[in-house]
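Following: one structure in structure tokens, then a few remarks.
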Amino acid sequence: NAGVTQTPKFQVLKTGQSMTLQCAQDMNHNSMYWYRQDPGMGLRLIYYSASEGTTDKGEVPNGYNVSRLNKREFSLRLESAAPSQTSVYFCASSEAGGTASYGYTFGSGTRLTVV
Amino acid sequence: KNEVEQSPQNLTAQEGEFITINCSYSVGISALHWLQQHPGGGIVSLFMLSSGKKKHGRLIATINIQEKHSSLHITASHPRDSAVYICAAIPLPNSGGSNYKLTFGKGTLLTVNP
């Protein structure tokens, strides 16, 4: 099925461990995003990639790095996980910067717990 | 103050009732999304609209750009409509934001009882 695929769906990390969240889309979208969702905070943008070869910081980038591996794939890396990074992470993609003509498609989320 | 405000935060209804969820925003926008998230589930885009009204099945979304307000209506509500509904604004590039960055409301938790 066409859409955005995130892996893994669940992960438990110990403080200080590293991991990479993977995201791939098969809709030939130019732009991709990583969000985190916390209770009472809503969705917040961590990093985004407007097009292949570019990445930019969002609202809450500290503690994260990203790689736009190719047009399909956009990964999020936690180098040294902290309990404050316990959250649900969503990857999303859009055709072109979320302009009025195009919508966003979200992945199913990764529930990350850092202990 | 969040740039996108939703009301109510929580809404409980009986099956069959007409539901309205409101979204107000303070930034200039090019369009607005309505999203649906079931408990523990992913996020689905219901509508994206920049003017007027859109309808899909029992769902209707309206937007008034001048008044900076949008509403999501659900007719003949059903327990399967129980979810969190989120509005997200796509800011105009000249409003100080980037049209790559959605600004989200905090969501409205809708519970429809049978």
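Naming convention: chains lettered A, B, ... in sequence-line order (proteins, then strands); numbering from 1 in each chain. Any value given below was found using the heavy atoms of this structure, including those in side chains, with hydrogens, waters and symmetry copies removed.
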What part of B/Gln37 is in contact with chain A, defined as an atom under 4.5 angstrom from a non-hydrogen atom: side chain, backbone, both or neither? side chain
Checking heavy atoms, do the side chain of B/Leu35, its backbone, both or neither come under 4.5 Å from chain A? side chain
For A/Val12, all residues meeting side-chain contact (heavy atoms from CB on, under 4.5 Å), sequence neighbours excluded: A/Thr113, A/Val115
Quick one: what part of A/Gln37 sits under 4.5 Å from any heavy atom of chain B, side chain, backbone, both or neither? side chain
Residues passing the side-chain contact (heavy atoms from CB on, under 4.5 Å) test with B/Ile65, sequence neighbours excluded, are B/Tyr25, B/Ile29, B/Ile63
For the residue pair A/Tyr33 and A/Tyr104, is the inter-centroid distance of their aromatic rings smaller than 6.0 Å? yes
In Å and rounded to the nearest 0.5 Å, what is the CZ to NZ distance from B/Phe47 to B/Lys53? 11.0 Å
Bottom line for B/Ile86: the part with an atom under 4.5 Å from chain A's heavy atoms is side chain
